[in-house]
Amino acid sequence: MNELNKSYEPSQIEDKWYELWENSGYFKPSKKADQDSFCIVIPPPNVTGSLHMGHALNATLQDILTRWKRMLGYNTLWLPGTDHAGIATQNVVERELAKQKISRHSIGRDAFIQKIWEWKSEYGSRITHQLKKMGASCDWSRERFTLDEGLSDAVREVFVQLYEEGLIYRDNRLINWCPRCHTALSDLEVEYEDTEGRIYYIQYPLSDSSGYLTVATTRPETMLGDTAVAVNPDDSRYKKFIGKDLKLPLSGRLIPVVADDAVDQEFGTGAVKVTPAHDFNDEAIGKRHGLPSLQVISEDGKMTAEAGKRYAGLDRYECRRLVLNDLKELTLLEGDRKHLHSVGHCYRCKTTIEPLQTIQWYVDVSAMSKEAITAVKDRKITIVPESWENNYYGWMNNIKDWCISRQIWWGHQIPVWYCPSCKSEHGSDQGDMIDHIFFEPVSTPDGTMLVTGTYSGLRAKGLTHEQIINNSKIIRVSRDVKPRCSRTNITECPDCGSKDIIRDPDVLDTWFSSALWPFSTLGWPKDTDDLRSFYPTSVLITGFDILFFWVARMIMMGLKFKKEVPFKDVYIHALVRDSHGQKMSKSRGNVVDPLDMIARFGADAFRFSLVAFAAQGRDIRFSEERVEGYRHFINKIWNASKFILGNLNNAGYECAAAPLNPDLPGRWIISRFNAAIEDVNRYLEAYRFNEAASSIYQFVWHEFCDWYIELSKPAMYGDDPELKKNTLSCLVRILKGSLIMLHPFTPFVTEEIWHALQGSTGSIMLQRYPMAESRDLDAESAMEYVLSTVSGIRSLRGELNIAPSAELEVYIKTADDNVASILNENMAAIKKMVKASEIIASVGTTKPSGSAVCVQKDMEIYLPVEGLLDIKTEVGRLQKEREKIEESIEFLTKKLSNEKFINSAPKAVVDKDRARFEELKEKSDKVSENIMLLEKIGS
RNA sequence: GGGCGGAUAGCUCAGCUGGGAGAGCGCAGCCCUUACAAGGCUGAUGCCACAGGUUCGAUCCCUGUUCCGCCUACCA
């Protein structure tokens, strides 16, 4: 039998137990055929990531459910893994290389990818180590990575199938472009932020010099690409301009004035410059009016040749300054003013995005999204809390085709090849010799010559196919070039046999592979045991920030490729904010590090805090004080265990094993335990984590420790061996039950105590989680007399300020013999709890003179305090009490005399109020009686 | 502009089928009682944002208002 240390030291034991669990294979599914399955796939954290509060909360909730279901006997799997996080990871490694003055272009694609893999093998397991610190009971033998071989097979299979069904296609559209990351971004990857900018008023003269029109713009540099000015057809100010030509300042090009309903007459001047190549609205206007599109900003955010000689090559912001300056000199700039508007930024590098027309790959999600909506409507998937359903529907109903190509290197390269030798199917617009694969200028291996231009142009310069492919960067493949999509790598053109074929350089959006995660991690496209056992998974636990990025797409892909939803429930948890309600961010400097919390308070206290905070549908304000509070709770468990263990050591182990023959307090605490376990199971089933935590807290601390352990002390310190044995057996039983109940929440401390209790065999993880047995309501109501006697006497002690050292004599008048005998049977415990030398309880008890009184249900408690008692104070106290009672009586009298209430309220409610009324009435009478007696003595 | 959520004790928040509001922390008083001072006992504190409505009865349901968050679209 072990002894427990004086206080609980989490840091000394957490790693030890985690290792034991993992090495014993306890995190693996049990694989018994007769068991129901329970499975969670982890939302894969970025491989570059390190554990933040969101992860900590997310992992804790998943671990609680996993450990709980596992102990309930389910065949349980929590499958872990990480995400390759395309842009994020590429950026991290690029920054690392930049410190050594290496750019990815200087070392080339293959070498750069190699560098990322090296980085991953060195740092990629950081986050999984941190999850282990949290106690996460993931089956690490099944850990997956979105770029590993199996998952890459899944990605390619899905791409090819969708392509063959015509659901993946290429198109040339305006998209969000990050000039720094040099890639397209999906709508979701753009973060809008309100920014104070300026709006400029610029005069556009009519071509016949008969006047001018003033437009308002926040982006003057884009005027170089204007192909029209639009006004509202109903705008009387501008009707006369419609159809006329304007002479675009700085360029001299003639552009028409068109009429379009989309123009808001109230905004700016009511005249809008139209730049179809660089603005989404303008693109739409351009389409409606058949306007040409003129690209004046390039992929790297610099002005193109189209912008004109004076501006070409300038950065877009330098160009803005120069344009404004030039306009001022021409006196065409009427003025400018402050303007608040929201500006899109790259979610990875925060660079202002630039809308650009490019050719990208898209997934047609129109059919898939409809099925995904139906799945939720038909309750095949339940979203918790329900309020998120509307958000889900709202987004899914307005979903646009998903842009899946990214112009970066780290990720799943698109399995499509092009042949430069084959004539294009449709021919180019010009029908001439233009080649359709374009290369960005990059230096050749000898560093002297710049490689630039089209494929055939470069070959003509004498470069070989390999030289071009290895040292250049393909920036665009025309829509006219025929793609060849394949499950396996292609080495020659299937049409002409040319070996000089080029693979599409783009990679897939990271979320493409994430969308397959619930089935790709289980082995798909192979037909595996895991897939059969665990798909569909039971529940997905995630934050709302990736509901659309990830959850919605998983549902679409799961339905498409597995014909079944990927999970039955989705639990959306809160965002963890700081104690002031601010989002945690590095720039604000308010980030709380979970590992720091674990180091200072222990993983169990930290976990318990997170769960206790996790009320549905509301953000969490994290406060360190509360973590400290829950550390006290962990310590309380520790100390209670120490008490019981000490007694066990004295009494001998066989005591604990004795058959249970509980006395009234024992029956009471067992019943209360059943109430608690009933709550915990019910709340966890409903994902009401905070309620489950609070039920446990309440029971363990305030019922078990504060009441039962205290009540047990006379028995434990007394010399009745039979009573001692019974009490100890009950203490041990409830302690063990509580530890098991607590284990999913606080795995480490419960394991540590478990081993001290049992000797060193068997993990608490292998125990069966308790299910509620029936309550003992007789015991509960009988115990009420004991409990209220103790509270009543304590209250008198406290309020009358009686010295704690004073031993009391107490007299109790009971309503009947039953109450008296309940009290007398538990008298030793009551005496101890209130520090009384003598307590007489009977029906016939009379009140000693000079007593303070406490009136309880079916009891009057008299505390003789002659000499100590200040009669005036006591009368005042009782009067105050009576006032309160009278108030309630008055309220109830009114209520009960209301016929409408009696007739329409449910009988139970009326009866309850009647009973309360009677009780209060009795109490009031007794209190009044006592006041009168006191006043008599006083006078 | 559209949508969602919040307003309850000094602070942070529970309160899910409408029946006179709870916790933790904090505060005040007493106590180092042999599990625990990281503790025990006792106590104080609430126009449940505001105004209407529905109902026998509203913190809870409905409408409006104010103030805070968040999401989403647009902002030329």
Colleague: Taking only residues two or more places apart in sequence or in another chain, which ones pass side-chain contact (heavy atoms from CB on, under 4.5 Å) with A:E389?
Modeller: A:V376, A:R379, A:I383, A:E386, A:Y393
Colleague: Tell me every residue that passes ring-ring contact (aromatic ring centres under 6.0 Å, His included) with A:F280, counting only those two or more places apart in sequence or in another chain.
Modeller: none
Colleague: List for me each residue that meets ring-ring contact (aromatic ring centres under 6.0 Å, His included) alongside A:Y571, sequence neighbours excluded, and say none if there are none.
Modeller: A:Y687, A:F689
Colleague: For A:F633, what residues pass the ring-ring contact (aromatic ring centres under 6.0 Å, His included) criterion, not counting sequence neighbours?
Modeller: A:F608, A:Y697
Colleague: Give every residue pair that meets the side chain to side chain donor-acceptor pair (under 3.5 Å) criterion with at least one member in residues 213-225 of chain A, sequence neighbours excluded.
Modeller: A:T214-A:E334, A:R219-A:E221, A:R219-A:E354, A:E221-A:R320, A:T222-A:K273
Colleague: If the condition is side-chain contact (heavy atoms from CB on, under 4.5 Å), which residues does A:A828 pass it with, not counting sequence neighbours?
Modeller: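 Residues passing side-chain contact (heavy atoms from CB on, under 4.5 Å) with A:A828: A:P714.
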Colleague: Would you mind listing every salt bridge (Lys or Arg N to Asp or Glu O under 4.0 Å) that reaches into residues 693-703 of chain A, with sequence neighbours excluded?
Modeller: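 Passing the test, one end in residues 693-703 of chain A: A:R672-A:E703.
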Colleague: Could you give all pairs that pass the salt bridge (Lys or Arg N to Asp or Glu O under 4.0 Å) test and reach residues 887-906 of chain A, with sequence neighbours left out?
Modeller: A:K895-A:D913
Colleague: Enumerate the protein-to-nucleotides 27-37 of chain B contacts in which both atoms are nitrogen or oxygen and the separation is below 3.5 Å.
Modeller:
from, atom 1, to, atom 2, distance (Å)
B:A35, OP1, A:K713, NZ, 3.4
B:A35, OP1, A:Y717, OH, 3.4
B:A35, OP2, A:Y717, OH, 2.0
B:A35, O2', A:N639, OD1, 3.0
B:A35, N7, A:K713, NZ, 3.2
B:A35, N6, A:C705, O, 3.4
B:A35, N6, A:E710, OE2, 2.9
B:A35, N3, A:N639, O, 3.2
B:A35, N3, A:A640, N, 3.1
B:C36, O4', A:N639, OD1, 3.1
B:C36, O4', A:N639, ND2, 3.4
B:C36, O2', A:N639, ND2, 3.2
B:C36, O2, A:K636, NZ, 2.9
B:C36, N3, A:K636, NZ, 2.9

Colleague: Give the dot-bracket string for RNA chain B, reading 5' to 3', where a pair is Watson-Crick or G-U wobble with both distances under 3.5 Å, ( ) marks pairs inside the strand, [ ] marks pairs crossing earlier ones, | marks a partner on another strand, and . marks unpaired.
Modeller: (((((((..((((.....[..)))).(((((.......))))).....(((((..]....))))))))))))....
Colleague: With a 4.0 Å heavy-atom cut-off, tell me which residues in residues 897-904 of chain A come close to RNA chain B, sorted by residue number.
Modeller: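 Hits under 4.0 Å, by residue number: A:N898, A:K900, A:F901, A:S904.
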Colleague: Would you tabulate the nitrogen or oxygen pairs shorter than 3.5 Å linking the protein to nucleotides 2-4 of chain B?
Modeller:
none

